[in-house]
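This is a predicted model, so every value here is computed, not measured.
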Amino acid sequence: SFTSCSAEDQYEGLSSKGGAMYLTESTVTVSSTSFTSCSATGSYGNDIYWYSGDLTCTAGCNDAGMYMPSGSCSNPVAADMSGGDDCYTYCDSSSSDCSVCPSDTYYVGYSDNTACDSCESGKGISDDGSTASAHDEAEDCIWYPTALPTPFPTLVPTTPLPSP
């Protein structure tokens, strides 16, 4: 989140650009990022000034370990960007649009992903989907112990033994 940020004129007569972000010849993804009370002089984007490069904006889930079942935010918030382009960087309705990944899954990023990644075979996450931080990286997946073979019966026989 960017709060109360500003870009000031560096030279007399030249307007400042991008109160929070100034992007040129960059590759940037802005997701789950809010801008509050940012400013720049002129009409060069109070929040983001983008001149060149690749800019991707996503109004996705605001926490790692979550996914967006519908694939879209019902209340996206746009950043004020130079050129008047739409750049939706924050989902104001993420608390209702997003869910914690279910058990045995995780998601690393902040996005509008519609599913979580599965743990590799033999690993899992015991959390039932209630704590996002338990599902925010592949390392959350732990090895599940498997039963070891035993020479002894593990079940009680269901048929009666013959009488002597």
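A donor-acceptor contact shorter than 3.5 Å links the side chain of Ser70 to the backbone of Ser72. In this structure a side-chain-to-backbone donor-acceptor pair under 3.5 Å is missing from Ser39 to Gly19. Looking only at distances, no side-chain donor or acceptor of Ser99 sits under 3.5 Å from a matching main-chain atom of Tyr67. With Thr24 contributing its side chain and Tyr51 its backbone, the two residues share no donor-acceptor pair below 3.5 Å.
When every heavy atom of Asp47 is checked against every heavy atom of Asp80, the shortest pair comes out as OD2-N, 2.7 Å. The two residues Cys101 and His135 come nearest to each other via the heavy atoms O-CE1, 3.3 Å. Residue Ala40 comes nearest to Gly18 through the heavy atom pair CB-N, 3.7 Å, listed as atom of the first residue, atom of the second, then distance. Pairing each heavy atom of Ser130 with each of Val100, the nearest pair is N-CG1, 4.1 Å. Nearest heavy atoms, Asp127 versus Gly129: OD2-N, 2.9 Å.
With no hydrogens or angles considered, no side-chain donor-acceptor pair links Thr3 and Thr36 at under 3.5 Å.
Listed by chain and residue number, Tyr144 satisfy the side chain to side chain contact (heavy atoms under 4.5 Å, CB included) test with Ser126 (two or more places apart in sequence, or in another chain).
One distance of note links CG of Asp140 with OG of Ser133; it measures 7.5 Å at 0.5 Å rounding. How far OG of Ser37 is from CG of Asn46: 10.0 Å, rounded to the nearest 0.5 Å. Atom-to-atom distance recorded for Thr89:OG1 and Met21:CE is 9.0 Å, nearest 0.5 angstrom. Here the CE atom belonging to Met68 is positioned 8.0 Å from the OG atom belonging to Ser74, to the nearest 0.5 angstrom.
Within 6.0 Å of the OH atom in Tyr22, the count of heavy atoms belonging to other residues, nucleotides or ligands exceeds 12.
One hydrophobic cluster, built from ILVMFWY side chains closer than 4.5 Å, holds both Phe35 and Leu55. A single hydrophobic cluster is not seen to contain both Tyr88 and Val28; linkage of ILVMFWY side chains at heavy-atom distances under 4.5 Å, directly or through other members, places them apart. Tyr90 and Val30 are not part of a single hydrophobic cluster, where members link through side-chain heavy atoms under 4.5 Å apart.
Of the two cysteines examined, Cys73 and Cys91, the SG atoms meet the criterion of being under 2.5 Å apart.
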Can you give me every donor-acceptor pair (side chain of residues 105-125, partner residue at least two apart or in another chain, under 3.5 Å) with its distance?
| residue | atom | partner | partner atom | Å |
| --- | --- | --- | --- | --- |
| Thr105 | OG1 | Pro102 | O | 2.6 |
| Asn113 | ND2 | Ala115 | O | 3.0 |

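Shown are Ser94, Ser95, Ser1, Ser31; of these, the side chain to side chain donor-acceptor pair (under 3.5 Å) with Asn62 is made only by Ser94.
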